[in-house]
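Working notes, structure below.
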Amino acid sequence: DQQVKQNSPSLSVQEGRISILNCDYTNSMFDYFLWYKKYPAEGPTFLISISSIKDKNEDGRFTVFLNKSAKHLSLHIVPSQPGDSAVYFCAATPNAGGTSYGKLTFGQGTILTVHP
Amino acid sequence: ETGVTQTPRHLVMGMTNKKSLKCEQHLGHNAMYWYKQSAKKPLELMFVYNFKEQTENNSVPSRFSPECPNSSHLFLHLHTLQPEDSALYLCASSQETSPLHFGNGTRLTVT
């Protein structure tokens with residue numbers, strides 16, 4: 001059973017508008033959440049993270065929101081740019097320190113396409 | 001060279017072959033990982049090494065054999081694989097609470 005789910009396989013957005021990518025999880029032990037971005041023929045690259053003690057974390061155009069009671073997080077990209085077109089993965093881990101930060105459970109990914 | 005480097009980028013092997021995937025990290029990290037991404041499935045953790053010691057084997061079949069001679073190098077030895085083992089194999093490294101840094105992966109095809 002998948003513990004991290006990204007129910008939208010793809011999302012298409014106009015340049016300059018907001019992109020909202022969603023992620024749901026089932027394991028209540030998850031305490032730390034990350035978003036990774038992947039371009040074709042490259043490995044995933046870290047984008048932004050959030051700890052369960054927060055409900056929002058912002059980094060430039062990227063904001064992650066966490067709703068613990070709903071076991072839901074979302075990534076907002078404002079404004080969206082064509083270079084943001086990539087696959088976005090949500091990931092989670094129990095916050096036990098050390099290598100637990102690397103033992104991630106990933107969602108299936110959402111393909112974001114930003115049209116000029 | 002910086003980051004996490006994986007070789008080869010592409011590999012085609014028969015079911016009776018023996019091959020190895022190589023990963024090298026230039027980030028000074030102490031932990032290294034193997035992840036697998038099969039078609040239409042999420043990335044799945046395979047192995048974790050911390051200071052050269054294996055700390056996690058995520059129920060991976062014995063036809064996959066990892067080796068970590070030092071904190072900078074990680075290998076995945078492959079033997080008698082099955083066609084369903086065809087996938088993208090990703091190496092990653094991390095240090096303490098830093099996020100994972102991934103390599104670009106090896107695209108493996110088993111014929």
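Order of the sequence lines fixes the chain letters, A, B, ..., with proteins taken first and strands second; residue numbering starts at 1 for each chain. This is a predicted model, so every value here is computed, not measured.
Between the side chain of A/Asp59 and the backbone N or O of A/Phe62 there is no donor-acceptor pair closer than 3.5 Å.
If you measure heavy-atom distances from B/Glu56 to chain A, the contacts under 4.5 Å come from the side chain alone. Only the side chain of B/Arg9 comes within contact range of chain A, judged by heavy atoms closer than 4.5 Å. When heavy atoms are compared at a cutoff of 4.5 Å, A/Gln6 does not approach chain B at all. With a threshold of 4.5 angstrom between heavy atoms, B/Ser93 does not approach chain A through any atom at all. Heavy atoms closer than 4.5 Å to chain A are found nowhere in B/Gln95, neither backbone nor side chain. Both the backbone and the side chain of B/Leu100 have a heavy atom closer than 4.5 Å to some heavy atom of chain A.
The shortest distance between side-chain heavy atoms of B/Ser20 and B/Lys22 does not fall below 4.5 Å. In this structure the side chain of B/Arg63 reaches within 4.5 angstrom of the side chain of B/Thr80, judged on heavy atoms.
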**Request:** Please step through side chain to side chain contact (heavy atoms under 4.5 Å, CB included) for the pair B/Asn57 and B/Phe64, ending with a clear verdict.
**Result:** CA-CA 10 Å; B/Asn57 175 338; B/Phe64 295 91; over 6 Å; no

**Item:** Working for side chain to side chain donor-acceptor pair (under 3.5 Å), residues A/Asp24 and A/Thr26
**Value:** CA-CA 7 Å; A/Asp24 297 294; A/Thr26 57; over 6 Å; no

**Message:** Let's go through B/His77 and B/Lys18 carefully: what are the C-alpha distance in whole Å and the side-chain angles of both, what is the deciding distance for side chain to side chain contact (heavy atoms under 4.5 Å, CB included) to 0.1 Å, and is it a yes or a no?
**Reply:** CA-CA 7 Å; B/His77 304 298; B/Lys18 289 185 181 182; over 6 Å; no

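For a heavy-atom cut-off of 4.5 Å, chain B lies close to A/Leu34, A/Tyr36, A/Lys38, A/Ala41, A/Glu42, A/Gly43, A/Pro44, A/Phe46 in residues 29-58 of chain A.
No side-chain donor from either of B/Ser94 and B/His29 sits under 3.5 Å from a side-chain acceptor of the other. Side-chain contact annotation: B/His79 with B/Ser65, donor-acceptor N/O pair under 3.5 Å absent.
Dense packing is recorded around CZ of A/Arg61, with more than 12 heavy atoms of other residues, nucleotides or ligands lying under 6.0 Å away.
Ranked by heavy-atom pairs under 4.5 Å with chain A, the first of B/Leu90, B/Leu45, B/Leu43, B/Leu88 is B/Leu43.
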